[in-house]
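Heads up, the thing below is written out as structure tokens.
Note that these values count all heavy atoms, side chains included, but never hydrogens, waters or copies made by symmetry. Proteins come first, then strands; the chains are lettered A, B, ... in the order of their sequence lines, and each starts at number 1.
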There are 2 protein chains.
Amino acid sequence: MRKILAVTKAFADENRLRILAALEHGERCVCEITELLELAPATVSKHLSQLYHAGLVDSRKEGRWVYYRLADEDPSPAARDAIAWILNSLRDDPVVRSDAERLAQIDRTEKALPPCPVPPRG
Amino acid sequence: MRKILAVTKAFADENRLRILAALEHGERCVCEITELLELAPATVSKHLSQLYHAGLVDSRKEGRWVYYRLADEDPSPAARDAIAWILNSLRDDPVVRSDAERLAQIDRTEKALPPCPVPPRG
DNA sequence: TCGATAATTCGTTGTATGCCGAAATGTAGC
DNA sequence: GCTACATTTCGGCATACAACGAATTATCGA
């Protein structure tokens, strides 16, 4: 019951749902999610921590950045089902769709300029 | 997003999950659920109200009793998927299993004596 | 080494929520 | 009508939690 509740509580917040939807098509660093949600970095970090402890996301550190992604390796069956259900439920949501457009914009910006987000020296 | 959040928030409480699992095999009146959860009737009523407003359960009044059941008729696809997912996730939970045994006990008691719960005059 | 940036942790604050008892509502039987 | 019971609503408290700013840690480039 504790594990299930960790998942359902993780789902019970709009910003965390937006994060999960944002990760559907690939990993994102914390600063990108922060920009998307327009929240303080501390707040986003805490949301990601909750998603991590619920087994819904994994993370990877690269230089100054920490990239989060949906839990894919060692996915507990429960976590996999949970992710599948919530992403399907969010599929047609206007907020999620709008976020997806903004994320695509971020992708284009990153590809136009050199490397990661906020490239060191323009 | 509002509807999805109503569902995920409804899922984010142990007692509400126990209620949903208790309704898996048929309707239950409020007093039976109250006995199962060992909570104040006011508390149970509020939980049921939340489940109702999330579209997860329906209710039916019969005499003094109000029977709740999983949303089955006019089930919004979202609600149907949500119920299917959560019941599957709860399937092997010890608390839910224990509840199921206690509910079977309640059923046997009801069938041994005349009508509904707490029969008027034993 | 120093300064800038990314991320997390910590402490605080305002709001949301779970719980209860008391009161109100509705129904059944006397 | 009156009483008893089932349920809901209301008002309250206590806890949980989302949000922030400040402080901390870590990494990179100058």
Side-chain angles (χ1 to χ4, degrees), chain A residues 1-2 5-19 27-54 57-69 106 110 113-122, chain B residues 1-2 5-19 27-54 57-69 106 110 113-122:
Chain A
M1 180 64 83
R2 245 183 88 227
L5 274 175
V7 170
T8 58
K9 283 173 185 282
F11 285 170
D13 177 88
E14 171 165 358
N15 289 316
R16 284 193 293 272
L17 295 186
R18 291 174 68 188
I19 290 173
E27 64 183 10
R28 295 283 172 183
C29 71
V30 180
C31 58
E32 287 172 316
I33 300 170
T34 301
E35 184 185 346
L36 176 71
L37 300 182
E38 299 180 286
L39 292 175
T43 305
V44 172
S45 183
K46 195 160 190 203
H47 282 315
L48 288 165
S49 172
Q50 282 179 77
L51 292 171
Y52 176 79
H53 285 105
V57 302
D58 285 325
S59 67
R60 164 179 80 85
K61 182 162 186 173
E62 181 177 326
R64 272 177 281 186
W65 298 283
V66 175
Y67 288 88
Y68 282 83
R69 64 182 181 281
I106 290 175
E110 282 179 22
L113 301 178
C116 267
V118 188
R121 276 191 324 123
Chain B
M1 181 62 85
R2 246 183 87 226
L5 273 175
V7 170
T8 58
K9 282 174 185 282
F11 284 168
D13 177 87
E14 170 164 358
N15 288 317
R16 284 193 294 271
L17 294 186
R18 290 175 68 189
I19 291 173
E27 64 183 11
R28 296 283 172 183
C29 71
V30 180
C31 57
E32 286 172 315
I33 300 170
T34 300
E35 185 186 344
L36 176 71
L37 300 183
E38 298 180 288
L39 292 175
T43 305
V44 173
S45 182
K46 197 158 189 206
H47 281 314
L48 288 165
S49 173
Q50 281 178 79
L51 292 171
Y52 176 79
H53 284 105
V57 303
D58 285 326
S59 67
R60 164 180 81 85
K61 182 162 187 174
E62 181 176 326
R64 272 177 284 186
W65 297 283
V66 176
Y67 289 88
Y68 282 84
R69 64 182 181 283
I106 291 175
E110 282 180 23
L113 302 178
C116 266
V118 187
R121 277 188 325 124

Original post:
In whole angstrom, what separates K9(B)'s NZ from dA18(D)'s P?
Top reply: 8 Å

**OP:** Just call it for Y52(B): base, sugar-phosphate, or nothing, with non-hydrogen atoms closer than 4.0 Å on any strand.
**Re:** nothing

Subject >> Spacing between L5(A) atom CG and dT17(C) atom P, to the nearest angstrom >> reply: 16 Å

Subject >> Side chain of R64(B) (C-beta onward), nearest among dT7(D), dA28(C), dT8(C) >> reply: dA28(C)

Original post:
Does a side-chain heavy-atom distance below 4.5 Å link F11(A) with L17(A)?
Top reply: yes

**OP:** Rounded to the nearest angstrom, tell me the gap between atom CZ in R18(A) and atom P in dA19(D).
**Re:** 10 Å

Original post:
Is the backbone of A10(A) close enough, under 3.5 Å, to the side chain of R16(A) for a donor and an acceptor to pair up by distance?
Top reply: yes

**OP:** Looking at every strand, decide which applies to A42(A) at a 4.0 Å heavy-atom threshold: base, sugar-phosphate, or nothing.
**Re:** base

**OP:** With DNA chain D as reference, determine whether R16(A) or V44(B) sits nearer its 5' end, using the nearest nucleotide of each.
**Re:** V44(B)

Original post:
Has Y67(B) got a side-chain N or O lying under 4.0 Å from the OP1 or OP2 atom of dT7(D)?
Top reply: no

**OP:** Could you check how far NZ of K46(A) sits from P of dT9(C), rounded to whole Å?
**Re:** 10 Å

**OP:** Take atom NZ of K61(B) and atom P of dT7(D), then tell me their distance rounded to the nearest Å.
**Re:** 9 Å

Original post:
Do M1(A) and R18(B) come within less than 4.5 Å of each other through their side chains, counting heavy atoms only?
Top reply: yes

Subject >> Nearest-nucleotide pick for T43(B), side chain only, options being dC20(C), dC20(D), dA7(C) >> reply: dC20(C)

Subject >> V66(B) side-chain proximity, nearest of dT8(C), dC20(C), dT7(D) >> reply: dT7(D)

Original post:
Quick one: is H47(A) getting a side-chain N or O under 4.0 Å of the dC17(D) phosphate, OP1 or OP2?
Top reply: no

Subject >> Atom pair distance, as rounded to whole Å: CG in L17(B) and C1' in dG18(C) >> reply: 14 Å

Subject >> Close side-chain approach of D58(B) to Y68(B), heavy-atom, < 4.5 Å >> reply: no

**OP:** Round to a whole Å and report the spacing from CD1 of I33(A) to C1' of dA6(C).
**Re:** 13 Å

Subject >> N or O in side chain of Q50(A) less than 4.0 angstrom from dC17(D) OP1/OP2 >> reply: no

**OP:** Return the nearest nucleotide to the side chain of D13(B); candidates are dT27(D), dG18(C), dA22(D).
**Re:** dG18(C)

Subject >> Contact summary for C29(B) and Y67(B), nearest pair of heavy atoms >> reply: N-CD2, 3.6 Å

Original post:
Which part of the nucleic acid, if any, lies within reach of E14(B) when heavy atoms closer than 4.0 Å are counted: base, sugar-phosphate only, or nothing?
Top reply: nothing

Subject >> Whole angstrom value for the distance that separates P of dT7(D) from CG of L39(B) >> reply: 14 Å

